Amino acid sequence: MTEMIPPPVGPYVLPPLKFGYADLVPVIDEATMRLHHGMHHRAYVDGVNAALSSHPEWLGLTIEEVLRRLAELPDDIRQTVREQGGGHANHQFFWKILTPKRTEGPTGDLLAAIEKDFGSYETFKELFVEAGAKHFGSGWAFLVAHPQENYRLEILTLPNQDSVLELDHPSPGLIACDLWEHAYYLKYNNRRADWLRAWWDIVNWPYVSERLAGIRAGKKQL
Ligand SMILES: [Fe+2]
C-alpha cells in the first residue's frame with residue numbers, strides 16, 4: 001500500500017468558500033449557508049478524518065481518489081468513508097459550482113452539448129428539476145458526462161451521500177445539487193421543487209464549462 005502515497009493532503013479540511021454566507025441571498029438564506037457549510041459539511045470532514053485515522057496510509061490521497069477506490073478500502077471503514085467522505089466530496093463539489101454573480105446560463109460548447117442531449121436549456125432545466133423533486137429521501141441530483149459515449153450528458157440522482165465518483169464506470173460530474181432538506185428547508189420548507197427551480201440563478205456556468213473542457217481533456221481531478 002505504501003507505494004501509492006504522494007505528499008500528504010490530509011487530514012481533510014473544510015474548504016473555505018469564495019463568497020460570504022449572505023452572498024447567495026435570495027436563493028439561499030444566510031442561516032442555511034452558515035449551518036450547511038459550517039456545521040453539516042464540517043461534520044463530514046471530521047467524520048472521514050476520524051474513519052481514516054485508523055488507516056492513515058489513505059490520508060495521502062485526495063478524497064476524490066479515495067472514493068474512486070472505495071472497493072479497495074478496509075472493510076471496517078468502507079461504509080463510513082462512503083457516507084462521510086462522500087459527504088465531504090459532494091459538498092466540496094457543490095460549493096465550487098455556486099456563485100453570487102448571476103451568469104447568463106450555459107454558453108459555447110456546454111450549451112451545444114446540453115442542446116444535443118436534451119433539446120434545449122429550458123428542457124434540460126425542467127428534466128433536472130423533475131428528477132430532483134421525484135428523488136425519494138435525501139440525496140443529490142447530478143449532471144454527468146459519459147466519456148465512453150462521446151461525452152453524452154445525463155441527469156441522474158443518487159441517494160444519501162453517494163458520489164458519482166463511485167460508479168462502476170465513473171462519469172465525471174458537471175453539476176451537483178443538494179437534495180437534503182438541510183440544503184433548503186429553512187427557506188423553502190417542503191417545497192424541494194422550488195429550491196431546484198431557484199438554484200439556477202447561482203450556478204457558476206463559466207466554471208461548469210471549464211469542467212466540461214477538463215473532462216473532454218481527460219482530467220480525472222476536477
Ligand atoms: Fe448538504
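Quick note: residue numbers are just sequence positions, from 1. Order of appearance sets the numbers: ligands from 1, and atoms from 1 within every ligand. Bear in mind that the values here come from a model prediction, so they are computed numbers and not experimental data.
D194 meets the salt bridge (Lys or Arg N to Asp or Glu O under 4.0 Å) test with R191, R197; sequence neighbours excluded. Residues passing the salt bridge (Lys or Arg N to Asp or Glu O under 4.0 Å) test with E30 are R34, sequence neighbours excluded.
Within a 6.0 Å sphere centred on NZ of K18, other residues, nucleotides and ligands contribute 12 heavy atoms or fewer. Annotation: R216, atom CZ; neighbour count of heavy atoms from other residues, nucleotides and ligands within 6.0 Å is above 12.
The number of protein N/O/S atoms found under 2.8 Å from the Fe ion (ligand 1) is 4.
Checking Q161, H88, Q92 one by one against Y44, the side-chain hydrogen bond (donor to acceptor under 3.5 Å, both in side chains) holds for a single residue, Q161.
Grouped by direct or indirect side-chain proximity (heavy atoms under 4.5 Å, Ile/Leu/Val/Met/Phe/Trp/Tyr only), L186 sits with L35, M39.
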